[in-house]
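Some notes on the structure that comes next.
In what follows, chains carry the letters A, B, and so on, assigned in the order in which the sequence lines appear, proteins first and then strands, with residues in each chain numbered from 1.
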Protein chains: 2
Amino acid sequence: MPEPDGAAQETELSEVVGRLRHLIDAGRLPEDGRLPPERALAAEFCTGRRQVRRALDHLEAEGLIWRHQGKGTFAGQPPDPTTKMAAKIVAEVDPLGVMEARLCLEPSIAALCAERAQAEDVARLRALAARIKLPADAETAELWDGALHRTIARVAGNRILLTAFGLVDEVRHHPGWQAPRARARTADSARISDRQHAAIIDAIAAHDPVGAAAAMRLHLETLAAGLAQSLEDQG
Amino acid sequence: MPEPDGAAQETELSEVVGRLRHLIDAGRLPEDGRLPPERALAAEFCTGRRQVRRALDHLEAEGLIWRHQGKGTFAGQPPDPTTKMAAKIVAEVDPLGVMEARLCLEPSIAALCAERAQAEDVARLRALAARIKLPADAETAELWDGALHRTIARVAGNRILLTAFGLVDEVRHHPGWQAPRARARTADSARISDRQHAAIIDAIAAHDPVGAAAAMRLHLETLAAGLAQSLEDQG
DNA sequence: ATCCGAACCAATTCGCTAATGGTTAGCGGA
DNA sequence: TCCGCTAACCATTAGCGAATTGGTTCGGAT
């Protein structure tokens, strides 16, 4: 028999996988999401290191964890260079500084987008804008809002500006800054944002760079004002 | 007399500055551009560490060197993590794309700079502008030109924008793109750039954001036109 | 023949020391 | 009396070696 007791091994492996999943979900991991070493896990689960590695292979294939030789095993996604840069910047900048940077970048990006957008690009933008107003919860709306702005930057067709925008976006979405932005979001502000998004996209569709830049600037200034108000209320 | 021999000290300081400049320009530095420790420089120049530090202060204000406690003193620009990113971008972008990005970023940066520049900042900018027209060779002039634009970005006081600018600057200075820029530089274009630099700094000194942005935009458009011409001539 | 455990390899982190830029206290000259 | 300099000190970082950790291979047990 090529596999003496393959079924039993299968069940043991999936049990280890389950215990690891529980360990990750339980939130008992340190701040950086680091898992115990493989050897320690093997001892804790009263099994061999090999089984632990197999289980970790599964979890890694699922994208639930990432590993690096000499470094360790971590829950979540591996950090890419942009996030590292963003993390450094977050320490030295405040939400208003981010809005300032957006005000520098995004109007010009919108203008370029207006120059270059094809009909299908405009359709994509409209679809995204429509999605923003669907969800009730602020977090999902933020997600689609980010997607809209990012798509505008992508359509603008300048790789450098897209990277710069991505940097700002990364800083913007950094955990810890969600609270003031969530506070700043109300039903009223959402409605205003929707109208402003529509105005931006209209200008882009009309291939009107100046109008697109102006509409984007107005939108960002509105957001900045709301954010400033929120920060003022807070502290 | 409040200053015993202030003049003599001045001359000694500027001599140290000159020797340091020569040391940097001579290209006898190691690959990473590291300068000898301050103590060693003091010994070599037969002076005190204080004078060396003052001289280095000048060079740092000019953006020619950067220092970090415990790390050392280096010629050139402090390495952002942008370097790796820039290498990726270089492959997917052309010189005109860089100019496009600069046209998006730098006018707004100049406006912010105009809002926030102190008298000493303006003085630094004027000193840099004066240095651009001194050297005969294009490469050194480019160096000082870069230092001027970077200082404007630094004075603007927004860390994110400074990083974004650094990204563009890194791409811009990537080897292989020097040739068309060198071809685009003539005695005429240098004189025009000088005047435009002066106009930018005047607007900044006058705390005129709109004027600074307009002057910067004009300057970059002039550069872009020259670059486009150069590329066209090339083929 | 297959699979597991132990040993080994490579990359990283940690703790320490030396080196280096930044700062301050105290002295000497005008 | 005041200013500026030298020397010592502080904070941060590089360099190095030992320990840690994921990745791999080899020998043996079933």
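- Of the possible polar contacts, one joining the Asp121(B) side chain to the Gln118(B) backbone as a donor-acceptor pair under 3.5 Å is found.
- Under 4.0 angstrom from either OP1 or OP2 of dG4(D) there lies no side-chain N or O belonging to Arg54(B).
- Rounded to whole angstrom, the span from the CG atom of Leu35(A) across to the P atom of dG22(D) amounts to 9 Å.
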Is there any protein nitrogen or oxygen under 3.5 Å from a nitrogen or oxygen in nucleotides 11-13 of chain D, and what are the pairs?
{"unit_1": "dA11(D)", "atom_1": "O4'", "unit_2": "Gln69(B)", "atom_2": "OE1", "d": "3.2"}
{"unit_1": "dA11(D)", "atom_1": "N3", "unit_2": "Gln69(B)", "atom_2": "OE1", "d": "2.4"}
{"unit_1": "dT12(D)", "atom_1": "O4'", "unit_2": "Gln69(B)", "atom_2": "OE1", "d": "3.4"}
{"unit_1": "dT13(D)", "atom_1": "OP1", "unit_2": "His68(B)", "atom_2": "NE2", "d": "3.0"}

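- In terms of the side chain to side chain donor-acceptor pair (under 3.5 Å) criterion, residue partners of Arg191(B) (sequence neighbours excluded) are, by chain and number, Asp188(B).
- The two atoms that bring Leu167(A) and Ala86(A) nearest to each other are CD1-N, 4.3 Å, heavy atoms only.
- Annotation: side chain to side chain donor-acceptor pair (under 3.5 Å) contacts of Gln196(B) (sequence neighbours excluded): His219(B), Thr222(B).
- Scanning for salt bridge (Lys or Arg N to Asp or Glu O under 4.0 Å) contacts around Arg34(B) gives an empty result, with sequence neighbours left out.
- Between Val17(A) and His58(A), the closest heavy-atom pair is CG2-ND1, 4.0 Å.
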Check the interface with nucleotides 5-8 of chain C: list each N/O to N/O pair with the protein under 3.5 Å, or write none.
{"unit_1": "dG5(C)", "atom_1": "O6", "unit_2": "Arg50(A)", "atom_2": "NH1", "d": "3.3"}

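- The main-chain N or O of Gly226(A) is never found under 3.5 Å from a side-chain atom of Ser230(A) such that the two would form a donor-acceptor pair.
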Output one line per pair: protein atom, nucleotide atom from nucleotides 14-17 of chain C, and distance, for all N/O pairs under 3.5 Å.
none

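- Across the protein-nucleic acid pair, Arg53(A) atom CZ and dC3(C) atom P stand 17 Å apart, rounded to whole Å.
- Helix bend of the helix from dA1(C)-dT30(D) to dA30(C)-dT1(D): the angle between its two end axes, each built from five pairs, comes to 0° after rounding to 10°.
- If you take CZ of Phe74(A) and P of dT12(C), they are 12 Å apart, rounded to a whole angstrom.
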Under the side-chain contact (heavy atoms from CB on, under 4.5 Å) criterion, do Ile152(B) and Ile201(B) qualify, and how do the steps go? CA-CA 9 Å; Ile152(B) 291 175; Ile201(B) 299 176; 5.5 Å; no

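- Taking the side chain to side chain donor-acceptor pair (under 3.5 Å) definition, one finds that Glu62(A) meets it with Arg21(A), sequence neighbours left out.
- In this structure, Glu60(A) atom CD and dG22(D) atom P are separated by 12 Å, rounded to whole Å.
- The side chain of Thr73(B) contributes an N or O atom lying less than 4.0 Å from OP1 or OP2 of dG21(C).
- Every residue two or more places apart in sequence or in another chain that forms a side chain to side chain donor-acceptor pair (under 3.5 Å) with Asp145(B) is listed here: His197(B).
- Residue pairs meeting the salt bridge (Lys or Arg N to Asp or Glu O under 4.0 Å) criterion with at least one partner in residues 147-164 of chain A, sequence neighbours excluded, are Arg150(A)-Asp169(A), Arg159(A)-Glu92(B).
- When the ring-ring contact (aromatic ring centres under 6.0 Å, His included) test is applied to Phe74(B), the partners found at least two apart in sequence or on another chain are Trp66(B).
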Enumerate donor-acceptor pairs with a distance under 3.5 Å from any side-chain N or O in residues 93-114 of chain B to protein atoms, sequence neighbours excluded.
{"unit_1": "Glu100(B)", "atom_1": "OE1", "unit_2": "Arg116(A)", "atom_2": "NH1", "d": "3.1"}
{"unit_1": "Glu100(B)", "atom_1": "OE1", "unit_2": "Arg116(A)", "atom_2": "NH2", "d": "3.4"}
{"unit_1": "Glu100(B)", "atom_1": "OE1", "unit_2": "Asn158(A)", "atom_2": "ND2", "d": "2.9"}
{"unit_1": "Glu100(B)", "atom_1": "OE2", "unit_2": "Arg116(A)", "atom_2": "NH2", "d": "2.3"}
{"unit_1": "Arg102(B)", "atom_1": "NE", "unit_2": "Glu106(B)", "atom_2": "OE2", "d": "2.5"}
{"unit_1": "Arg102(B)", "atom_1": "NH2", "unit_2": "Glu106(B)", "atom_2": "OE2", "d": "3.2"}
{"unit_1": "Arg102(B)", "atom_1": "NH2", "unit_2": "His149(B)", "atom_2": "ND1", "d": "3.4"}
{"unit_1": "Glu106(B)", "atom_1": "OE1", "unit_2": "His149(B)", "atom_2": "ND1", "d": "2.8"}

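- Note: CG (Asp32(B)) to P (dA14(D)) measures 11 Å, nearest angstrom.
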